Undergrad: 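Starting off with a structure, shown below.
Values below: every heavy atom of this structure, side chains too, minus hydrogens, waters and symmetry copies. Bear in mind that the values here come from a model prediction, so they are computed numbers and not experimental data.
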Amino acid sequence: RKRPRYEAFRSYHDDVVSTVQSRLPSTTPDIAVLFPDGTPPEAFYPYLVGEGTQSKHWRDLRVGDALAAADVTDAQAGGGTIDYETLLDIDPDAIAVRLSGEPSDQYFRSNIVDHMEQHPVAGELSAVRNDRVYYAGQTYQGPIIHLFQLEAAARGLHPEIFGDEQLFDRQRVADIVNGEI
């Protein structure tokens with residue numbers, strides 16, 4: 001009895017991703033996905049935009065992986081932390097910061113972004129100077145959470161294209177979940 005809901009959601013999900021991708025610019029930013037070693041952060045655990053659900057929204061947005069291009073080893077593959085000097089050498093177009101739990105916008109702003117803007121080295125990063133430091137979303141995501149993270153990431157990376165637009169119909173998702181296909 002769940003198969004029709006799965007098929008309906010899969011079809012809707014694929015349509016949303018396809019629609020978002022059709023609107024992407026030909027050039028997309030290179031990002032660095034990071035997890036702070038402390039708060040406020042002075043070093044980060046690097047995460048590559050690789051396979052799996054944790055980076056699906058970034059892959060769907062066709063971003064470049066600034067850390068992989070710089071041969072940085074993923075924290076989950078035994079890589080250590082990287083500091084602001086290393087990040088400045090890489091100088092990603094955008095920085096996506098993961099945090100545990102679901103931080104408020106105020107928490108993220110005051111504990112991550114404000115600190116980076118005031119830091120003598122981090123403040124020199126292109127991503128910081130251009131207001132391109134984003135909350136990276138949750139590490140573990142199913143297909144519904146993925147839609148929310150895709151929307152947030154698309155709006156953040158490409159506000160000139162997506163603005164504050166809702167990129168998927170919440171009621172349609174709820175209807176599918178409830179079997180109203």
Undergrad: Quick one: does any side-chain atom of S11 pair with a main-chain N or O of E7 as donor and acceptor, under 3.5 Å?
TA: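 Checked: no pair found.
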
Undergrad: Applying the side-chain hydrogen bond (donor to acceptor under 3.5 Å, both in side chains) criterion to H146, which one of Q141, H57, H13 satisfies it?
TA: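 Answer to the side-chain hydrogen bond (donor to acceptor under 3.5 Å, both in side chains) test with H146 among Q141, H57, H13: H13.
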
Undergrad: What pair of heavy atoms forms the shortest contact from G123 to V128, and how long is it?
TA: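 It is CA-CG1, 4.1 Å.
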
Undergrad: Of L67, I95, L87, V33, which meets side chain to side chain contact (heavy atoms under 4.5 Å, CB included) against F44?
TA: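 Testing each of L67, I95, L87, V33 against F44, the sole residue satisfying side chain to side chain contact (heavy atoms under 4.5 Å, CB included) is L87.
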
Undergrad: Is it true that K56 and D60 have a side-chain N and a carboxylate O under 4.0 angstrom from each other?
TA: yes

Undergrad: For the backbone of L48 and the side chain of D65, can you confirm whether one donor and one acceptor N or O come within less than 3.5 Å of each other?
TA: no

Undergrad: Short question: side chain of E124, backbone of L88 - any donor-acceptor pair under 3.5 Å?
TA: no

Undergrad: Give a yes or no on whether the backbone of D14 and the side-chain of S18 come within a donor-acceptor separation of less than 3.5 Å.
TA: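 Checked: no pair found.
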
Undergrad: For W58, is there any backbone N or O sitting under 3.5 Å from a side-chain donor or acceptor partner on S55?
TA: no

Undergrad: Is there a donor-acceptor contact under 3.5 Å from the side chain of R23 to the main chain of I161?
TA: yes

Undergrad: Closest approach of P29 and R132, non-hydrogen atoms and distance?
TA: CG-NH2, 3.8 Å

Undergrad: Give the ring-plane orientation class for F35 versus Y47, where under 30° counts as parallel, over 60° as perpendicular and anything between as tilted.
TA: perpendicular

Undergrad: Taking side chain as C-beta onward, heavy atoms only, is F168 less than 4.5 Å from V20?
TA: no

Undergrad: Side chains of N111 and L99: does their closest heavy-atom pair fall under 4.5 Å?
TA: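 No, their side chains stay 4.5 Å or more apart.
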
Undergrad: With a sphere of 6.0 Å drawn around CG of D105, does it hold more than 12 non-hydrogen atoms of other residues, nucleotides or ligands?
TA: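 12 or below, so no.
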
Undergrad: If only atom types and distance count, is the side chain of T81 paired as donor or acceptor with the main-chain N or O of A43 below 3.5 Å?
TA: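 Side chain of T81 to backbone of A43, a donor-acceptor pair under 3.5 Å: no, none is there.
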
Undergrad: If you define the side chain from C-beta out and look only at heavy atoms, does anything of I90 sit under 4.5 Å from D30?
TA: no

Undergrad: For P25, does its backbone N or O pair with a side-chain atom of H158 as donor and acceptor, under 3.5 Å?
TA: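 No.
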
Undergrad: Report yes if some heavy atom in the side chain of Y84 is under 4.5 Å from a heavy atom in the side chain of M116; otherwise report no.
TA: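 A side-chain contact under 4.5 Å exists here.
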
Undergrad: Determine whether Q149 and Q54 make a side-chain contact, defined as any pair of heavy atoms from C-beta on separated by less than 4.5 Å.
TA: no

Undergrad: State, to 0.1 Å, how close P46 and I82 come at their nearest heavy-atom pair, and which atoms those are.
TA: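 Nearest pair, atom of P46 first, then I82: CB-CD1, 4.3 Å.
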
Undergrad: Run the salt bridge (charged side-chain N to carboxylate O under 4.0 Å, His left out) test on R155 and D164 for me, step by step, so that the C-alpha distance in whole Å, both residues' side-chain angles and the decisive distance to 0.1 Å come before the verdict.
TA: CA-CA 7 Å; R155 287 173 170 177; D164 289 330; 5.1 Å; no

Undergrad: Taking the six-membered ring of Y12, is the NZ or CZ of R10 close enough (under 6.0 Å from the centre) and on axis enough (within 45°)?
TA: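 No, R10 and Y12 do not form such a contact.
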
Undergrad: Under a 3.5 Å distance rule, please check whether Y134 uses its side chain to pair with a backbone N or O of G156 as donor and acceptor.
TA: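 Between the backbone of G156 and the side chain of Y134 there is a qualifying donor-acceptor contact (under 3.5 Å).
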
